[in-house]
K.L.:
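Sharing a structure here in structure tokens format.
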Number of protein chains: 2
Amino acid sequence: MDLKQVEKISKALGDPYRLKLMETINKQQDWLQCSIIIEMFDLSQSTVSHHLKQLLEADLLISEKDGRNCKYKVNKEVISGYKNFLTQLEG
Amino acid sequence: MDLKQVEKISKALGDPYRLKLMETINKQQDWLQCSIIIEMFDLSQSTVSHHLKQLLEADLLISEKDGRNCKYKVNKEVISGYKNFLTQLEG
DNA sequence: TTAACAAATCGATATTCATCGATATATAAA
DNA sequence: TTTATATATCGATGAATATCGATTTGTTAA
């Protein structure tokens, strides 16, 4: 993982709503529907969509189309790679 | 570590210069002098000072006065705590 | 005590980002 | 095909941030 991706991931995690999104999506056994996420947050649909996009572009989430719905889950591999970078900072 | 600190740390790491600062300071055996850091970066003294402040306020760095100089080192405990939060996101 | 130096702070400016309502796109249901 | 629903995108706006030069503060050396 290069510095550019580390920067992108850090930026994506540097927002309270996006942290909550990550926690919420991770709590699910499997995928979480976008429409359910929107109901859970006190933000407009377009703003939630914006935040999900940031997390997707940082590869922190994986999304899949499901009819006219969209579902998300956490990309654990990328989080693991990010943790490896942080481990270097402890070296 | 609460969400507010995770957010602060993430924000602090979400900048290319600050990531470089963390790497640079971590490479040192012990402390790294501020004046040396300033020489190494193509940024004004006030800007470097600003970035170091962000990292300090996120507890990612520890600083110590040394005469009229100032020296820094990485706070490995906080990085460890941050990694623990990320581990939860993998759960 | 004065001069030199290191680092922090201030004030200004340009850029980035979060947020919203409105609109567009795509899919499913009637 | 028309209508309804889910999500993405657009355009605007206000807030936060990065950056700089100038100044201030605190410390050492002359």
Side-chain angles (χ1 to χ4, degrees), chain A residues 3-25 28 30-75, chain B residues 3-25 28 30-75:
Chain A
L3 268 196
K4 202 62 202 169
Q5 189 176 3
V6 171
E7 183 195 338
K8 205 159 196 174
I9 291 172
S10 303
K11 271 207 180 92
L13 294 177
D15 177 275
Y17 285 111
R18 290 197 291 264
L19 284 174
K20 285 272 181 195
L21 279 169
M22 290 299 291
E23 282 190 325
T24 301
I25 293 169
Q28 296 310 111
D30 201 33
W31 299 88
L32 184 54
Q33 298 288 337
C34 179
S35 55
I36 295 174
I37 298 172
I38 291 169
E39 280 175 15
M40 297 174 75
F41 286 81
D42 193 19
L43 287 172
S44 73
Q45 178 265 322
S46 60
T47 301
V48 173
S49 184
H50 163 75
H51 285 311
L52 288 170
K53 192 178 179 185
Q54 307 295 307
L55 294 169
L56 273 173
E57 287 180 349
D59 284 326
L60 283 164
L61 291 180
I62 301 169
S63 74
E64 222 176 65
K65 274 279 188 185
D66 185 16
R68 61 183 164 188
N69 301 308
C70 191
K71 55 190 186 181
Y72 294 90
K73 68 175 178 182
V74 171
N75 189 345
Chain B
L3 269 195
K4 201 64 203 168
Q5 189 175 3
V6 171
E7 183 195 339
K8 205 161 196 172
I9 291 171
S10 303
K11 270 207 181 92
L13 294 177
D15 177 275
Y17 286 112
R18 290 198 291 264
L19 284 174
K20 284 271 182 199
L21 280 167
M22 290 299 292
E23 282 189 326
T24 301
I25 293 169
Q28 296 310 110
D30 202 32
W31 299 90
L32 183 56
Q33 299 287 337
C34 179
S35 54
I36 294 173
I37 298 172
I38 292 168
E39 280 175 14
M40 297 175 76
F41 284 79
D42 191 21
L43 288 173
S44 73
Q45 179 266 322
S46 60
T47 301
V48 172
S49 185
H50 162 76
H51 285 311
L52 288 169
K53 192 179 180 186
Q54 307 295 307
L55 293 169
L56 273 173
E57 287 180 350
D59 285 326
L60 283 164
L61 292 179
I62 300 169
S63 75
E64 222 175 66
K65 274 278 186 187
D66 186 16
R68 62 183 164 189
N69 302 308
C70 192
K71 56 190 186 183
Y72 294 90
K73 69 176 176 182
V74 172
N75 188 346

K.L.:
Is the shortest heavy-atom distance from the side chain of A:Ile62 to the side chain of A:Trp31 under 4.5 Å?
P.N.:
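Counting from C-beta outward, A:Ile62 and A:Trp31 do come under 4.5 Å.
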K.L.:
What's the shortest heavy-atom distance between A:Ala58 and A:Ile9, and which atoms?
P.N.:
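Smallest interatomic distance, heavy atoms only, reads O-CG1, 3.6 Å.
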K.L.:
If you assign A:Thr47 and B:Tyr72 each to the DNA chain C nucleotide with the nearest heavy atom, which residue ends up on the more 5' nucleotide?
P.N.:
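Nearer the 5' end of the strand: B:Tyr72.
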K.L.:
Looking at every strand, decide which applies to A:His50 at a 4.0 Å heavy-atom threshold: base, sugar-phosphate, or nothing.
P.N.:
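Base contact - A:His50 has a heavy atom under 4.0 Å of at least one base atom.
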K.L.:
Working to the nearest 0.5 Å, report the span between NZ of B:Lys11 and CD of B:Gln54.
P.N.:
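So the NZ of B:Lys11 and the CD of B:Gln54 are separated by 10.0 Å.
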K.L.:
Please identify which of these residues, B:Leu52, B:Leu21, B:Leu32, B:Asn75, meets the side chain to side chain contact (heavy atoms under 4.5 Å, CB included) condition with B:Leu61.
P.N.:
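The side chain to side chain contact (heavy atoms under 4.5 Å, CB included) with B:Leu61 is passed solely by B:Leu52 among B:Leu52, B:Leu21, B:Leu32, B:Asn75.
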K.L.:
Any residue in residues 52-62 of chain B with a heavy atom nearer than 4.0 angstrom to DNA chain D? Just list them by number, or reply none.
P.N.:
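Those residues whose heavy atoms fall under 4.0 Å from DNA chain D, taken from residues 52-62 of chain B, amount to none.
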K.L.:
Would a 4.5 Å heavy-atom cut-off, applied to side chains only, mark B:Lys20 and A:Leu3 as touching?
P.N.:
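Yes. Closest side-chain heavy atoms under 4.5 Å.
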K.L.:
Drop me the distance from B:Ile25's CD1 to B:Arg18's CZ, to the nearest 0.5 angstrom.
P.N.:
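Those atoms lie 12.5 Å apart.
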K.L.:
What's the CG-P distance between B:Asn69 and C:dC5, to the nearest Å?
P.N.:
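So the CG-P distance, B:Asn69 to C:dC5, works out to 13 Å.
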K.L.:
Do A:Ser49 side-chain atoms and A:Gln45 backbone N/O form a donor-acceptor pair below 3.5 Å?
P.N.:
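No; zero donor-acceptor contacts below 3.5 Å.
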K.L.:
In residues 15-23 of chain B, which residues come under 4.0 Å of DNA chain C by heavy atom?
P.N.:
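DNA chain C contact set from residues 15-23 of chain B: none.
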K.L.:
Nearest 0.5 Å, what's the CG-CG distance between B:Leu55 and B:Leu13?
P.N.:
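Here the rounded value is 7.0 Å.
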K.L.:
With side-chain contact (heavy atoms from CB on, under 4.5 Å) as the criterion, how do B:Glu23 and B:Leu19 come out once you've worked through the C-alpha distance, each side chain's angles and the decisive distance to 0.1 Å?
P.N.:
CA-CA 6 Å; B:Glu23 282 189 326; B:Leu19 284 174; 5.8 Å; no
K.L.:
By salt bridge (charged side-chain N to carboxylate O under 4.0 Å, His left out), which residues pair with B:Glu39, not counting sequence neighbours?
P.N.:
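With sequence neighbours excluded, B:Glu39 shows a salt bridge (charged side-chain N to carboxylate O under 4.0 Å, His left out) to no residue whatsoever.
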K.L.:
For B:Lys71, report the nucleic acid contact type (base, sugar-phosphate, nothing); a contact means any heavy atom under 4.0 Å.
P.N.:
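The answer is nothing, as B:Lys71 stays clear of every strand by at least 4.0 Å.
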K.L.:
Measuring from B:Ser63:OG to B:Lys71:NZ, what's the distance to the nearest 0.5 Å?
P.N.:
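It comes to 10.5 Å.
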K.L.:
Taking only N and O in the side chain of B:Ser49, is any of them less than 4.0 Å away from OP1 or OP2 of C:dA7?
P.N.:
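No, outside the criterion.
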K.L.:
Is there a side-chain contact between A:Leu56 and A:Tyr72 in this structure, where contact means two heavy atoms from C-beta onward sitting under 4.5 Å apart?
P.N.:
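They are in side-chain contact.
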K.L.:
What is the first contacted nucleotide of DNA chain D and what is the last, in 5' to 3' order, if contact means an atom lying under 4.0 angstrom from a heavy atom of chain A?
P.N.:
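Under 4.0 Å from chain A, the extent on DNA chain D is D:dA4 to D:dT9.
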K.L.:
Kindly give the heavy-atom pair with the smallest separation between B:Asp15 and A:Glu7, and that separation in Å.
P.N.:
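Heavy atoms of B:Asp15 and A:Glu7 come nearest at N-CG, 3.9 Å.
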K.L.:
If I take atom SG from residue B:Cys34 and atom NZ from residue B:Lys65, how far apart are they, to the nearest 0.5 angstrom?
P.N.:
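One gets 9.0 Å once the value is rounded to the nearest 0.5 Å.
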K.L.:
Enumerate the protein-to-nucleotides 22-30 of chain C contacts in which both atoms are nitrogen or oxygen and the separation is below 3.5 Å.
P.N.:
none

K.L.:
What residues from residues 31-41 of chain A pass a heavy-atom cutoff of under 4.0 Å to DNA chain D?
P.N.:
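The stretch gives A:Cys34, A:Ser35 as the residues lying under 4.0 Å from the strand, ordered by number.
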K.L.:
Give me the atom names and distance for the closest heavy-atom approach of A:Asp66 to A:Gln33.
P.N.:
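Shortest heavy-atom contact: OD2-NE2, 3.7 Å.
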